[in-house]
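Some notes on the structure that comes next.
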Amino acid sequence: MSEDSLFDDASRRLEKALKYVSLSEDTKERLKYPKATLIVSIPVRMDDGSLRVFQGYRVRYDDTRGPTKGGIRYHPNVSIDEVKSLAFWMTFKCAVLSLPFGGAKGGITVNPKELSRMELERLSRGYIDAIADFIGPDVDIPAPDVYTNPMIMGWMMDEYSIIRRQLSPAVITGKPVSIGGSLGRNTATAMGAFFAIETIMPKFECIPEKTTVAVQGFGNAGSVLAELLCQGGYKVVAVSDSQGGIYSAQGLDIPSIRQYKESNKQMQAVYCQDTVCNIVEHQVLTNEELLALDVDILIPAALENQITEKNATDIRAKFIFEVANGPINSAADKVLEERGIYVFPDILINAGGVTVSYFEWVQNRSGLYWSLNEVNQKLKEKMVVETEKIWQISQELSISMRTAAYVHGLNRLGEAINAKGTRDFYVKN
Ligand code: NAD
């Protein structure tokens with residue numbers, strides 16, 4: 001699949017869901033385009049004295065339901081097409097979880113593993129300098145995504161506060177707790193996915209002890225979820241990162257694999273450079289082999305487009321929970337559905353991250369901070385309620401969970417667009 005088609009592919013899901021909702025033609029047309037797109041050049045002084053210019057992006061897709069919200073990704077493959085697609089998914093994710101936010105996303109085309117920590121800080125501050133007029137606590141609120149983390153969010157909040165000449169913790173979420181981050185934000189995406197899995201699996205009479213799981217991607221989301229599932233009694237038999245994966249039919253000891261990965265991090269890098277391939281009794285396998293394992297649950301938690309029409313027929317899992325954004329393309333959706341494989345979509349399953357980001361924003365604005373228990377309880381409530389609602393829609397309309405999630409989000413978006421009145425009508429005529 002060419003990079004250009006990621007957004008077209010994302011839009012196909014919208015087209016499918018639009019058949020099940022009654023929205024005006026104007027509303028449908030409006031939702032097909034991002035509200036605003038910013039492309040910036042970020043000059044960075046490198047440690048050797050040379051200058052490198054990086055390309056950065058920020059897309060605000062729709063702000064009908066509130067200020068826009070979405071992460072910042074650092075990756076060599078970041079493109080405007082990818083950022084636009086991620087902003088589109090954020091719009092629906094926030095609507096699905098009933099958060100008072102629209103959708104946005106940002107990114108820089110960079111391999112952060114090649115930069116020193118100081119270079120990474122200069123790049124992160126330079127990005128905020130370039131987009132400062134495009135973001136704000138009531139306008140657009142970034143957060144971490146692939147290869148960005150609380151430390152980077154802290155630098156970014158500090159830079160924005162310097163520019164505005166006032167402390168502005170609510171401009172960005174996923175910050176370190178010491179400067180206004182929320183307890184539980186780091187584990188929120190995985191925790192939210194875990195609550196959704198625990199809501200869904202009993203409907204199929206699956207018990208954890210007899211359920212095998214494979215997780216692709218051993219980062220913030222994937223590794224924490226693998227550990228939660230392990231603690232919940234599930235048998236996690238395979239995990240992988242960008243270097244490859246490991247498999248053990250008896251189940252892997254996920255806490256020790258995580259501990260090893262964390263303790264071997266090099267200080268110069270603010271992300272893990274290790275591979276999980278040399279740690280426990282295991283067989284080594286490739287990412288392609290992991291995706292095709294005969295397991296009950298498959299969890300793609302790395303990047304988009306991992307399951308496409310090319311490998312959808314190889315998938316043997318019974319259930320797929322999308323923790324990554326866009327890991328399955330629309331052509332693969334069709335094949336998986338025909339083969340009776342249940343797919344639980346990203347805009348629901350990984351929404352725990354943005355939900356606790358919302359909690360962080362609320363805490364920053366109120367100045368009142370919550371305990372970890374309060375955060376997790378509130379997250380659980382939201383995930384269980386919205387998972388049940390989407391399940392009901394999917395049963396009532398006999399549609400996939402993905403289309404049901406879009407229908408659920410679209411109903412909320414449509415209602416908000418209508419509630420804003422008829423100004424557009426008068427302007428037009
Ligand atoms: P991360 O940077 O912490 O981890 C990414 C992991 O994927 C790393 O272990 C990396 O080695 C692995 N990886 C990269 N390429 C791979 C490949 N080709 N095959 C297998 N593994 C590969 O990122 P993260 O925050 O865990 O995000 C992972 C996914 O979850 C992304 O799609 C992201 O958009 C989505 N997501 C994350 C959050 C969050 O709060 N962290 C929230 C919502 C969605």
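Atoms within each ligand, like the ligands themselves, are counted from 1 in listed order.
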Shortest heavy-atom approach to atom 28 (C) of ligand 1 - which of Gly219, Ala301, Ala324 =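 Residue with the shortest heavy-atom distance to the ligand atom: Ala301.
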Should one rank Glu304, Lys93, Gln306 by closest heavy-atom distance to atom 18 (N) of ligand 1, which comes out on top?
->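 Going through Glu304, Lys93, Gln306 one by one, Gln306 has the nearest heavy atom to atom 18 (N) of ligand 1.
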Could you tell me whether Gln243 approaches ligand 1 through its side chain, its backbone, both or neither, with non-hydrogen atoms closer than 4.0 Å?
->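 None of Gln243 does.
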Which is it for Arg185 and ligand 1 at heavy atoms under 4.0 Å: side chain, backbone, both or neither?
->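 Just the side chain.
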Heavy atom of the protein closest to [atom] (residue, atom name, distance):
atom	value
atom 31 (C) of ligand 1	Ala302 O, 3.1 Å
atom 21 (N) of ligand 1	Asp241 C, 3.2 Å
atom 35 (C) of ligand 1	Val323 O, 3.7 Å
atom 33 (C) of ligand 1	Asp145 OD1, 3.5 Å
atom 19 (N) of ligand 1	Asn287 ND2, 3.1 Å
atom 2 (O) of ligand 1	Tyr147 N, 3.1 Å

[X] heavy atoms, cut-off 4.0 Å: which ligand 1 atoms fall inside?
X	answer
Ser242	10 (C), 11 (O), 12 (C), 13 (N), 14 (C), 15 (N), 16 (C), 21 (N), 22 (C)
Leu303	15 (N)
Gln216	19 (N), 20 (C)

Taking both backbone and side-chain atoms of [X], is any N or O found less than 3.5 Å from an N or O belonging to ligand 1?
X	answer
Thr189	yes
Val146	no
Asn220	yes
Asn325	yes
Ser240	no
Gly222	no
Ala221	yes

Is a donor from one side chain sitting under 3.5 angstrom from an acceptor on the other, for [X] and [Y]?
X	Y	result
Asp62	Thr91	no
Asn364	Tyr369	yes
Asp63	Thr68	no
Arg73	Thr148	no
Glu309	Asn329	yes
Glu15	Tyr406	no
Asn325	Asn350	yes

From OG1 (Thr109) to CZ (Phe54), nearest 0.5 Å |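 Rounded to the nearest 0.5 Å, the OG1-CZ separation comes out at 10.0 Å.
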Report yes or no: does Arg339 contribute a side-chain atom to a donor-acceptor pair with the main-chain N or O of Ile315 at less than 3.5 Å?
->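 Checking the backbone N and O of Ile315 against the side chain of Arg339, a donor-acceptor pair under 3.5 Å is found.
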So, does Asn311 use its side chain to make a donor-acceptor pair with the main chain of Gln306 at under 3.5 Å?
->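 At least one qualifying donor-acceptor pair exists.
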Considering the options Arg316, Lys235, Lys318, which one meets the salt bridge (charged side-chain N to carboxylate O under 4.0 Å, His left out) requirement together with Asp296?
->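 Exactly one candidate clears the test, Lys318.
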Answer yes or no: are there more than 12 heavy-atom neighbours, outside Tyr342 itself, under 6.0 Å from its atom OH?
->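 No - once you tally the heavy atoms of other residues, nucleotides and ligands closer than 6.0 Å, there are 12 at most.
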